[in-house]
Amino acid sequence: QAQLVESGGGLVQPGGSLRLSCAASGIIFRSNTMGWFRQAPGKQRELVAAITVGGITNYADSVKGRFTISRDNAKNTVYLQMNSLKPEDTAVYFCNARGAQHSVSDPRIGSWGQGTQVTVSS
């Protein structure tokens, strides 16, 4: 069974930075598209960033230029570096894994971690 474990969330002031990590097991990591989704209170889960098997990245317009997704296939880990954080980034951030043949952005597909809370507040 797939297991995804997120870490690195917390409370940060606007303009600050956080780095999220997701350690994966139970999957062939190198064969999966990896992504980060987030869900704020009262809102639907949305794609934040994804990285394909080939290293191609995809970002939500709201985070372009501020967030960077990366993967380390040797460590079975995907990262999300978040800079210049804004209050509207506040959400639970979920790690996702899916086969390379599937849509990158569909929030209904794949395996999920339990989530890590990111709160941006002054």
Check your understanding: Could you go step by step and tell me if Glu46 and Gln39 meet the side chain to side chain contact (heavy atoms under 4.5 Å, CB included) rule?
Key -> CA-CA 6 Å; Glu46 65 174 354; Gln39 189 165 18; over 6 Å; no

Check your understanding: Between Phe67 and Asp89, is a side chain to side chain contact (heavy atoms under 4.5 Å, CB included) present by the stated rule, with each step listed?
Key -> CA-CA 11 Å; Phe67 291 11; Asp89 296 317; 3.9 Å; yes

Study note, to complete from the structure: So disulfide (SG to SG under 2.5 Å) across residues 7-118, not counting sequence neighbours, yields Cys22-Cys95

ILVMFWY cluster, [X] and [Y] together (side-chain gap under 4.5 Å):
X	Y	value
Val120	Tyr93	yes
Leu47	Leu4	no
Val53	Ile109	no

Point to revise | Criterion side chain to side chain contact (heavy atoms under 4.5 Å, CB included) on Val63 and Arg38, from CA distance to verdict | key: CA-CA 12 Å; Val63 307; Arg38 67 187 181 189; 4.0 Å; yes

Review point. How would you list, by chain and number, every residue that makes a side chain to side chain contact (heavy atoms under 4.5 Å, CB included) with Val92, sequence neighbours excluded?
Key: Phe94, Gln117

Point to revise | Set of residues satisfying side chain to side chain contact (heavy atoms under 4.5 Å, CB included) with respect to Lys43, sequence neighbours excluded | key: Ala40

**Study point:** Heavy-atom closest pair, residues Leu20 and Met82
**Key:** CG-CE, 3.8 Å

Practice item. Might you point out which heavy atoms bring Ile51 and Arg71 nearest each other, and give the distance in Å? Key: O-NH1, 3.3 Å

**Study point:** Set of ring pair (Phe, Tyr, Trp, His ring centres under 6.0 Å) partners for Phe37, sequence neighbours left out
**Key:** Trp112

Heavy-atom side-chain contact between [X] and [Y] under 4.5 Å:
X	Y	answer
Thr90	Val118	no
Pro87	Pro14	yes
Ser121	Leu11	yes
Ser84	Arg66	yes

Review point. Thr68 and Tyr59: side chain to side chain contact (heavy atoms under 4.5 Å, CB included), yes or no, with the steps?
Key: CA-CA 8 Å; Thr68 303; Tyr59 296 95; 3.8 Å; yes

**Study point:** Nearest-0.5 Å distance that lies between atom CG in Leu18 and atom CG in Leu85
**Key:** 5.5 Å

Study note, to complete from the structure: Interatomic distance, CG@Asn96 vs CZ@Arg45, rounded to 0.5 Å, equals 8.5 Å

Point to revise | Over 12 foreign heavy atoms within 6.0 Å of CD, Glu88 | key: yes

Check your understanding: Pairs in or reaching into residues 4-18: which pass side-chain hydrogen bond (donor to acceptor under 3.5 Å, both in side chains), with residues at least two apart or in two chains?
Key -> Ser17-Asn83

Could you pull out every donor-acceptor pair under 3.5 Å between side chains of residues 26-35 and any protein atom, sequence neighbours left out?
from	atom 1	to	atom 2	distance (Å)
Asn32	OD1	Arg98	N	3.3
Asn32	ND2	Ile28	O	3.0

